[in-house]
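Structure record follows, encoded as structure tokens.
Each chain gets a letter, A, B and so on, in the order the sequences are listed, and its residues count up from 1.
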Number of protein chains: 2
Amino acid sequence: MAQSDTVDRILDAAEELFAERGFSETSLRMITSKAKVNLAAVNYHFGSKNALIHAVFARFLTPFSATLEQAFDELEERCGDQPPTLNETLWALTESSIRMPQRNEKGIAIFMRLLGLAYTQSQGHLRKFLEQEYSEPFSRFMRLLKQATPQLSAVDRYWRIQFMLGATAFTMSSSDALRDILQNKTGVETSVQEIALRLVPFLAAGMQAENPMLMPPVDSKISVA
Amino acid sequence: MAQSDTVDRILDAAEELFAERGFSETSLRMITSKAKVNLAAVNYHFGSKNALIHAVFARFLTPFSATLEQAFDELEERCGDQPPTLNETLWALTESSIRMPQRNEKGIAIFMRLLGLAYTQSQGHLRKFLEQEYSEPFSRFMRLLKQATPQLSAVDRYWRIQFMLGATAFTMSSSDALRDILQNKTGVETSVQEIALRLVPFLAAGMQAENPMLMPPVDSKISVA
DNA sequence: GTCTGTTTGAAACATACGTTTGAGACACTC
DNA sequence: GAGTGTCTCAAACGTATGTTTCAAACAGAC
């Protein structure tokens with residue numbers, strides 16, 4: 001065959017296993033046996049396990065960042081001279097991830113879960129790779145957030161962005177498990193789209209919370225320094 | 001010595017390394033060499049690596065859940081017949097974690113980071129252990145949250161609790177790094193307590209966000225199923 | 001002092017990992 | 001059809017892991 005499908009089979013299997021079990025917990029032998037290819041094929045085609053991890057991310061992150069740039073372009077054009085609102089900015093991001101062309105029905109879930117893992121698992125090489133490959137859409141998103149929340153001080157905004165990131169990364173990185181728990185308890189099925197639809201209002205409300213430095217209840221034992 | 005301090009040295013080293021690097025990424029040899037004890041001591045005193053992980057959690061989770069139960073007792077007594085508000089409930093939890101007797105200055109950060117890892121890293125044995133050992137204070141907190149947000153459906157509440165958990169665990173687990181970044185950028189110093197003071201209003205606002213199923217902006221391409 | 005149960009020490013065990021090797025199969029060019 | 005570059009395969013390599021072993025050191029009781 002002109003271009004072997006071995007590479008794609010490996011990427012498919014790796015993507016799924018990484019999302020299910022994390023990076024360190026997934027061995028090359030699991031990947032190659034799921035992909036039904038020889039063990040050596042990974043090192044032949046990708047060079048190393050770390051390079052395979054990068055390739056898995058690049059495969060969906062490259063088209064995603066293009067989609068995202070486009071969404072931001074449209075958004076800013078639509079808004080004319082005044083900056084997009086917080087809600088619009090958050091939805092632009094959410095839509096871009098939901099509208100991504102997907103290889104299978106689990107596409108978004110895997111996508112989100114991998115992003116969460118990238119943040120959560122302290123894989124130095126991965127963070128370095130993502131920073132130098134995809135820094136532009138990220139800082140553009142940050143700029144939009146800043147314009148959308150001019151009432152916040154830089155420090156408040158900084159921490160609230162961390163809170164948003166945390167809620168998102170954490171939820172998405174364990175979304176499979178959480179969905180299972182919920183279904184076992186209540187029988188309710190939840191799609192990733194629905195999780196996103198619930199997450200965005202939560203984030204927007206938190207981001208715009210009234211008092212940036214609300215005091216604890218009067219009888220609290222905490223003293224504010 | 002009557003009761004060897006080997007056990008505590010192992011627990012101290014394990015706690016710190018687990019929080020820094022995760023469970024699978026931390027080997028027993030790292031732990032024993034940091035603790036300056038023999039490799040076999042771990043299996044002698046704890047039986048296995050998994051049992052050591054459980055012991056690390058039990059050491060801070062047992063006193064914490066006691067403190068928490070007490071805080072909830074006081075809160076419910078103070079409120080009499082009407083249920084505590086969301087703010088009061090969140091502050092009771094926050095105070096309990098801040099007031100915890102700490103072994104060192106990194107106590108809270110490590111505590112939070114480990115909790116986040118427990119959720120994130122798919123360690124089946126750990127989740128099982130935590131569920132059957134500490135289900136009571138957890139479900140009590142859930143009950144209080146339910147009483148404090150009667151306007152939410154069970155499903156909405158479930159997901160918003162996950163969002164809160166995520167924002168908290170994520171922020172606290174990387175609070176050291178985040179504080180350093182902020183200080184380098186702006187020169188502002190931030191204590192863990194101050195982070196909590198910013199976090200609680202964010203969470204409360206998100207939890208009480210107006211529309212549980214806010215629609216995307218009118219011109220959005222998302223269609224809600 | 002001697003015995004007994006507990007704890008430490010160095011070494012080895014079995015297994016799993018990521019990676020490398022070298023021979024073979026295949027498709028394609030000239 | 002010989003030659004060439006690409007890819008696959010089974011096997012092995014070196015290393016790191018969790019766990020076990022067994023002798024030595026130690027403590028306290030009698």
Side-chain angles (χ1 to χ4, degrees), chain A residues 1-59 114 117-118 121-129, chain B residues 1-59 117-118 121-126 128-129:
Chain A
M1 38 204 111
Q3 163 77 357
S4 158
D5 65 344
T6 302
V7 169
D8 290 307
R9 299 244 300 285
I10 293 175
L11 284 174
D12 287 338
E15 183 178 83
E16 201 159 332
L17 285 172
F18 285 153
E20 263 175 31
R21 320 173 32 93
F23 304 111
S24 320
E25 292 81 0
T26 302
S27 72
L28 291 184
R29 285 169 175 80
M30 292 179 198
I31 294 171
T32 53
S33 86
K34 177 176 183 121
K36 295 199 175 71
V37 303
N38 189 268
L39 170 62
V42 171
N43 282 280
Y44 175 77
H45 286 288
F46 298 95
S48 70
K49 184 182 179 181
N50 280 353
L52 170 62
I53 297 177
H54 297 175
V56 166
F57 274 85
R59 186 168 63 152
L114 285 176
L117 285 179
Q121 311 225 149
S122 56
Q123 302 260 358
H125 67 94
L126 220 193
R127 193 168 303 193
K128 209 165 295 177
F129 170 78
Chain B
M1 38 203 114
Q3 163 77 355
S4 160
D5 64 344
T6 301
V7 169
D8 289 306
R9 299 244 299 285
I10 293 175
L11 285 173
D12 287 338
E15 181 178 86
E16 202 158 330
L17 286 172
F18 285 153
E20 263 175 31
R21 318 172 33 92
F23 304 111
S24 320
E25 292 82 359
T26 302
S27 72
L28 291 184
R29 283 167 177 82
M30 292 179 198
I31 294 171
T32 54
S33 86
K34 177 175 184 123
K36 295 198 175 70
V37 303
N38 188 270
L39 169 62
V42 171
N43 280 282
Y44 174 76
H45 287 287
F46 299 95
S48 70
K49 185 182 179 180
N50 280 354
L52 170 62
I53 296 177
H54 296 175
V56 166
F57 275 85
R59 185 168 63 153
L117 285 179
Q121 312 223 151
S122 56
Q123 303 259 0
H125 67 96
L126 220 192
K128 212 166 293 179
F129 170 78

* Ignoring hydrogens and angles, tell me if any N or O in the side chain of Arg21(B) forms a donor-acceptor pair with the backbone of Thr26(B) under 3.5 Å. => no

* Asked: Donor-acceptor pair, Arg9(B) side chain versus Val37(B) backbone, under 3.5 Å?
  -> no

* To do: Please round to the nearest 0.5 Å and tell me the distance separating atom CE of Met30(A) and atom CD of Glu16(A).
  => 14.0 Å

* Spacing of Leu117(B) atom CG and Phe23(B) atom CZ [to the nearest 0.5 Å] -> 5.0 Å

* Counting only side-chain N and O atoms of His45(B), is one of them less than 4.0 Å from OP1 or OP2 of dT6(C)? -> no

Length of the line joining [X]:[atom1] and [N]:[atom2], which is rounded to integer Å:
X        : N       : atom1 : atom2 : result
Glu25(B) : dC17(C) : CD    : P     : 14 Å
Phe46(A) : dT8(D)  : CZ    : C1'   : 15 Å
Ile53(A) : dC17(C) : CD1   : C1'   : 14 Å
Asp8(B)  : dT7(C)  : CG    : P     : 13 Å
Asp5(A)  : dC7(D)  : CG    : P     : 12 Å

* Asked: Would you call Leu11(B) and Leu52(B) a side-chain contact if the rule is heavy atoms closer than 4.5 Å?
  -> yes

* What is the per-nucleotide protein-contact pattern of nucleotides 12-24 of chain D, from the 5' end, where B denotes a base atom under 4.0 Å from a protein heavy atom, S denotes such proximity for sugar-phosphate atoms only, and - denotes neither? -> B----BBBBB---

* To do: Among Phe129(A), Phe46(A), Phe18(A), find the residue that satisfies the ring-ring contact (aromatic ring centres under 6.0 Å, His included) test when tested with His54(A).
  => Phe129(A)

